[in-house]
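Here is the structure we will look at, set down as structure tokens.
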Amino acid sequence: MNKILLYTLLLVLFSLNPSMAQLGDVYIKAGHLYDSEQKVLIKNKTIQLRGTTIVSISDWNSIPQNAKIIDLSDYTVLPGLIDAHTHVLFSQTPVDDFAEHSIQTLVMEGDALRALRGAKRAKAYLDVGITSIKDLGNSGLFLDVALRDAIDEGSIAGPRIFASGPIMAAAGGQIYGVPSKQQHIIEQEYRIIKNVEDARNAVREHVNQNVDLIKICADNLPNRTLLSFDEMKAIVQTAHEYNLTVTAHAVTNQSAWNAITAGVDGIEHGFNIADTTLALMAQKKVFLVPTENSRAYMENYAKMVGMGDDEVDWIDYYMENMTKRLQSALDKGVPVLAGSDNYMDVGVSRGVSSRDMFRFYFEAGMKPLDILHAATYLSAVHLNKEKEIGNLIPRAKADIIAVKGDLEGNFLNTLENLVFVMKDGEIYLDKTE
């Protein structure tokens, strides 16, 4: 009898008040909302949130009476930004030698200190509206996975991390000049691939450690060692069997071509990539993450390494070449993602340093809404997460930011005029009052 009474009471309650489960919902009034898939701004929209998730997108008049409202009607609302190439657990100054500093990090820093420093750097991404990052190695033995999990469980604040674990590379990795007797140290930073079967096993090891994607080094410059075509193909095939994407560090054109024909999903850097290779990428829908910085960043870098005014002519040549490469990629239909690769300590936070990538894209001629497309929807597609992040749609994560100003008419200043940051429904910044 008591059970029947209880069931009857529940039925009555839900029939009389079907909105009971929605009493905790939050409604965001967006003056403009950026549709990252269609690359358009839409006026006067409401985002209904329930916990960590977006429930619906509708007009302002859909907000019920007495609802909890976050009023962003004076601002432009966007999905949380995505940095598609980071190294949160590594940092050096411009005057440090990469190989020497890598060894010092491995031998002298220790995992605990390295992870704590990485946590501080990670938090800085939220400060600039970057709510997700793709972290691509130089992170010890799966410290990136540990940092991701600590953030996911709420132990520390930071962006959503998609972790690759140790980079898979040929002998020596990217750490040059290490004598044979000490090569074992490098295996604390890179997964050194010995043959085709070892390549397959390396993927299985990474899967066992719960990585989100696989990163390989198609070349190791200035080390001359390379992964073979068959090793890369074995990595790609095995990773795809586990539904993991593979992205490849490639500096030379030949290395990029080899990685693409081996089946990788993305190319990181591609500084010397040829038009024919870009055409192949467009055909196969392989992503390019250019990892470039603005002219101001490059000029500051030159000063920090001690170059005089008469020694910086190379910057003009470099910026011209990288702009041509980007425009060629876009003209051919290569999907271009926004990734900073900023592991340098240039006197600002890691988040501010990473945000500089948007300045490069803008200076290179990309339109503001196309830049945001690269930093939201396209980056999410590369991670197979376009229904969860980088996109303000029902059932997506409540990763939402707002900026003040004219995004299309004054892009850089507006993007830096950040007033609101939410990740997973939790507010990390609110300067709207």
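Atom set for the values below is all heavy atoms of this structure, side chains included, hydrogens, waters and symmetry mates excluded.
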As a quick check of understanding, evaluate salt bridge (charged side-chain N to carboxylate O under 4.0 Å, His left out) for Lys39 and Asp370, giving each step before the final call.
CA-CA 7 Å; Lys39 300 187 291 185; Asp370 290 339; 3.1 Å; yes
Atom pair [atom1] ([X]) and [atom2] ([Y]), whose distance is rounded to the nearest 0.5 Å:
| X | Y | atom1 | atom2 | value |
| --- | --- | --- | --- | --- |
| Met232 | Cys217 | CE | SG | 11.0 Å |
| Lys423 | Ile130 | NZ | CD1 | 13.5 Å |
| Glu292 | Phe360 | CD | CZ | 4.5 Å |

In the structure I gave you, are the side-chain heavy atoms of [X] and [Y] within less than 4.5 Å of one another anywhere?
| X | Y | value |
| --- | --- | --- |
| Leu81 | Ile401 | yes |
| Ile260 | Ile267 | yes |
| Thr261 | Leu280 | yes |
| Tyr34 | Leu407 | no |
| Asn138 | Tyr190 | yes |
| Tyr297 | Ser353 | yes |

Does the side chain of [X] come under 3.5 Å of the side chain of [Y] through a donor N or O and an acceptor N or O?
| X | Y | answer |
| --- | --- | --- |
| Lys332 | Ser328 | yes |
| Glu363 | Ser294 | no |
| Thr252 | Gln254 | no |
| Asp83 | Ser354 | yes |
| Asp230 | Ser228 | no |
| Thr105 | Ser102 | no |
| Asn201 | Glu197 | no |

Taking only residues two or more places apart in sequence or in another chain, which ones pass side-chain hydrogen bond (donor to acceptor under 3.5 Å, both in side chains) with Ser164?
none
Distance-minimising heavy-atom pair for Thr245 and Asn384:
CG2-ND2, 3.7 Å
Please report the closest heavy-atom contact between Ile70 and Ile427, naming both atoms and the distance.
CD1-CD1, 4.0 Å
Quick check: Tyr75 with His32 (ring centres under 6.0 Å apart)?
no
Is the distance between the ring centroids of Tyr125 and Tyr428 less than 6.0 Å?
no
Do the numbers put Lys45 on top of the ring of Trp60, so that NZ or CZ is under 6.0 Å from the six-membered ring centre and no more than 45° off the axis?
no
For the side-chain contact (heavy atoms from CB on, under 4.5 Å) test, which of Val419, Leu72, Leu418, Asn417 pairs with Val403?
Leu418
What do the steps show when you test Phe90 against Phe98 for ring pair (Phe, Tyr, Trp, His ring centres under 6.0 Å), and what is the final call?
CA-CA 10 Å; Phe90 185 79; Phe98 172 77; 5.6 Å; yes
Surrounding [atom1] of [X] (heavy atoms of other residues, nucleotides or ligands, distance under 6.0 Å), is the total greater than 12?
| X | atom1 | value |
| --- | --- | --- |
| Lys404 | NZ | no |
| Lys367 | NZ | no |
| Lys233 | NZ | no |

Side chain to side chain donor-acceptor pair (under 3.5 Å) with His249: of His85, His269, Lys215, only one passes, and it is His269
For the pair Trp314 and Tyr318, name the ring-plane relationship: parallel under 30°, tilted 30 to 60°, perpendicular over 60°.
perpendicular
